[in-house]
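Notes follow once the structure below has been shown.
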Amino acid sequence: MGEEEPSGDGRKTGEEVDAGALFVLKSKGTWWHCGFHLTTSIVAPPLLSLPYAFKFLGWAAGISCLVGGAAVTFYSYTLLSLTLQHHASQGHRYLRFRDMAHHILGPRWGRYYVGPIQMAVCYGVVIANALLGGQCLKAMYLVMEPNGEMKLFEFVILFGGLLLVLAQIPSFHSLRHINFFSLVLCLLYSAAASAASIIIGNKSNGPEKDYAIIGDNETKVFGIFNAMAIIATTYGNGIIPEIQATLAAPVKGKMFKGLCMCYTVVIVTFFVVAISGYWAFGNKANGLIFTNFLDPETSHYLVPSWFIFLINLFTVLQLSAVAVVYLQPINDILESALSDPTKKEFSTRNVIPRLAARSLFVVVATIFAAMLPFFGDINSLLGAFGFMPLDFVLPVVFFNFTFKPSKKSFIFWINTVIAVVFSCLGVIAMVAAVRQIVLDAKTYKLFADV
């Protein structure tokens with residue numbers, strides 16, 4: 001593949017080392033740092049949409065999809081890690097998803113399929129997080145000023161200002177302490193959301209529990225696939241190679257330990273929030289479970305106002321960490337295109353283009369978030385368009401192409417079945433997600449205050 005990288009981390013590439021690899025994807029981390037990155041990228045506020053997904057599926061199908069999503073993604077991420085590990089042992093350490101596709105499937109797959117989809121997903125996550133961050137800030141504001149007149153887009157802009165600062169953190173590895181804090185925060189708001197759901201569900205004046213799936217047959221069918229897309233997004237990652245790139249060599253076994261840490265948190269948070277939220281609100285569960293804590297008839301919260309303020313604060317802080325994690329592949333591309341690897345990382349030649357480019361991408365994402373206030377629908381489209389192929393399909397395809405298991409073996413056929421089934425589900429779920437956006441777009445306006 002070529003010469004060893006001068007950073008001394010054991011990486012080898014087929015080309016001259018680029019600035020993105022040197023400055024953004026530094027390979028210095030341990031397995032627990034990797035676990036922090038994985039947890040931040042997977043256990044994020046989209047899990048608060050799980051009760052909403054359950055309203056389209058019901059108890060049995062909802063829990064089955066949640067279990068299935070956990071099993072398939074853990075399996076897929078493990079295969080992807082093993083594939084990366086195998087190539088690293090051969091002297092070819094791939095740092096990016098598109099590099100894997102380029103060398104395993106062919107140059108066009110990396111350049112025209114995997115690369116664009118991953119960038120769309122990462123930028124979509126940043127936009128969705130900016131929107132949700134604005135919604136949470138507005139909820140905090142209304143706790144303090146119930147008759148306040150500030151609009152949602154103003155809070156989205158405030159959250160964008162926070163992202164503008166955090167986006168300047170130089171490398172993925174530099175986020176390790178922030179992502180540990182993020183892990184703690186996701187446990188806090190998940191526990192708080194579950195506790196609030198249980199308290200409200202037990203109240204005599206709480207919402208009436210109805211678990212019937214509502215709507216005509218067409219609505220129910222599209223609802224099922226929309227819910228699957230939401231669950232896929234919740235388990236989605238899309239940046240496993242970039243996270244594994246932060247590990248110091250040798251990488252063997254480290255990613256699996258990080259995945260075990262992450263999925264311990266996944267099981268604790270996803271299942272508790274989904275089950276408690278759906279139990280409390282049934283088919284009245286909203287796209288963000290926090291909105292169910294407000295009584296629509298009296299416009300008063302069903303739990304103490306300080307509790308609402310605190311739970312939204314936890315969520316806002318973690319959203320900022322999640323957004324910055326998903327900016328890293330974008331930062332890698334910007335760094336590779338604009339920075340000079342022969343100059344020092346913090347030289348004027350590299351700092352000015354970095355500051356300008358990263359700031360521009362955050363500003364544009366903030367504008368889009370303020371314009372398009374349908375978080376639940378964006379969530380499901382991201383799952384169908386990006387997370388399905390990146391997290392459910394490509395890992396098993398990469399494994400089969402790399403290790404070439406016998407066509408008579410169980411692993412070959414289970415991988416093939418996963419690839420075919422989730423490819424079909426991805427296409428159908430994308431249609432369902434676009435349909436839902438079209439329907440909701442009729443009720444929303446640009447820069448709507450929702």
Side-chain angles (χ1 to χ4, degrees), residues 32 35-55 59 62-63 66-67 69-70 73-74 129 132-133 135-137 139-140 143 177-203 206-207 209 230-231 233-236 258-282 284-295 301-323 325 375-376 379:
W32 60 85
F36 301 157
H37 300 324
L38 285 166
T39 304
T40 298
S41 60
I42 297 175
V43 189
L47 72 90
L48 300 169
S49 296
L50 288 173
Y52 175 74
F54 270 42
K55 76 183 263 186
W59 279 116
I63 291 175
L66 208 56
V67 172
T73 52
F74 184 83
N129 281 17
L132 184 53
Q135 291 175 336
C136 292
L137 284 173
M140 294 166 64
V143 168
H177 302 302
I178 291 175
N179 288 343
F180 169 72
F181 187 49
S182 168
L183 187 155
V184 175
L185 287 169
C186 75
L187 291 172
L188 288 173
Y189 69 67
S190 296
S194 301
S197 297
I198 292 169
I199 291 169
I200 294 169
N202 281 318
K203 283 186 174 181
K209 298 179 180 66
I230 291 172
I231 291 173
T233 302
T234 309
Y235 281 110
L259 280 168
C260 288
M261 174 198 290
C262 173
Y263 272 76
T264 300
V265 180
V266 164
I267 292 169
V268 170
T269 54
F270 284 27
F271 286 82
V272 172
V273 170
I275 292 170
S276 63
Y278 185 58
W279 169 79
F281 304 107
K284 296 181 182 65
N286 294 329
L288 182 65
I289 195 64
F290 292 171
T291 59
N292 283 107
F293 301 162
L294 181 69
D295 189 331
Y301 286 109
L302 299 168
V303 290
S305 57
W306 62 264
F307 187 89
I308 297 295
F309 185 92
L310 204 57
I311 196 172
N312 279 283
L313 176 62
F314 294 154
T315 307
V316 164
L317 292 174
Q318 207 231 359
L319 280 166
S320 62
V322 175
V325 163
F375 174 72
N379 204 14

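In what follows, residues are counted from 1 in the order of the sequence shown.
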For ring pair (Phe, Tyr, Trp, His ring centres under 6.0 Å), just list the numbers for Phe293 and Tyr301, CA-CA rounded to whole Å, side-chain angles, deciding distance to a tenth of an Å, and then say yes or no. CA-CA 6 Å; Phe293 301 162; Tyr301 286 109; 8.4 Å; no

Check: Thr291 and Tyr52 side chains under 4.5 Å, non-hydrogen atoms: no

Using side-chain heavy atoms (C-beta onward) and a distance below 4.5 Å, is Val266 in contact with Phe74? no

Looking at every heavy atom in both Thr39 and Cys262, which two are closest together, and how far apart are they? OG1-CA, 3.5 Å

How close do Thr73 and Gly69 get, counting heavy atoms only, and between which atoms? OG1-O, 2.6 Å

Mind checking the CD1-CG spacing from Ile231 to Leu47? Nearest 0.5 Å is all I need. 12.0 Å

Check: Val67 and Phe271 side chains under 4.5 Å, non-hydrogen atoms: yes

Chi angles and distances behind the side chain to side chain contact (heavy atoms under 4.5 Å, CB included) call for Tyr278, Trp59: CA-CA 8 Å; Tyr278 185 58; Trp59 279 116; 3.6 Å; yes

For Thr40 and Ser182, test the side chains for any donor-to-acceptor distance below 3.5 angstrom and give the result as yes or no. yes

I need the minimum non-hydrogen distance between Gln318 and Pro45, along with the two atoms involved. OE1-CD, 3.0 Å

Test side chain to side chain contact (heavy atoms under 4.5 Å, CB included) on Leu317 and Tyr189; report intermediate values, then the result. CA-CA 10 Å; Leu317 292 174; Tyr189 69 67; over 6 Å; no

I want to check something: taking the side chain as every heavy atom from C-beta on, are Leu313 and Met140 in contact at a cut-off of under 4.5 Å? yes

Taking every heavy atom of Asn129 against every heavy atom of Ala323, the minimum-distance pair comes out as ND2-N, 3.4 Å

Are the side chains of Leu183 and Val43 in touch, meaning some heavy atoms are under 4.5 Å apart? no

Which heavy atom in Gly201 sits nearest to a heavy atom in Lys209, and how many Å separate them? O-NZ, 2.6 Å

Between Ile178 and Phe36, does a side chain to side chain contact (heavy atoms under 4.5 Å, CB included) hold up when you go through it step by step? CA-CA 9 Å; Ile178 291 175; Phe36 301 157; over 6 Å; no

Non-hydrogen side-chain atoms of Val265 and Cys186 separated by less than 4.5 Å: yes

To the nearest 0.5 Å, what is the distance between CZ on Phe270 and CD1 on Ile275? 13.0 Å

As an exercise, state the distance from CD1 of Ile289 to OG of Ser190, rounded to the nearest 0.5 Å. 12.0 Å

Calculate, to the nearest 0.5 Å, the distance between atoms CG and OG1 belonging to Leu187 and Thr269 respectively. 7.0 Å

Rounded at 0.5 Å granularity, tell me how far CZ in Phe307 sits from CG in Asn312. 10.5 Å

Take Val322 and Val325 through the side chain to side chain contact (heavy atoms under 4.5 Å, CB included) test and state the conclusion after the steps. CA-CA 5 Å; Val322 175; Val325 163; 5.7 Å; no

Tyr235 and Leu66 have their tightest heavy-atom pair at OH-O, 2.7 Å

Could you measure the distance from the CG atom of Leu50 to the OG1 atom of Thr234? Nearest 0.5 Å is fine. 4.5 Å

Just by modelled atom types, is the Asn286 backbone N or O under 3.5 Å from a matching donor or acceptor in the Asn292 side chain? yes

Kindly indicate whether the side chain of Val143, heavy atoms from C-beta on, has any atom under 4.5 Å from the side chain of Trp306. no

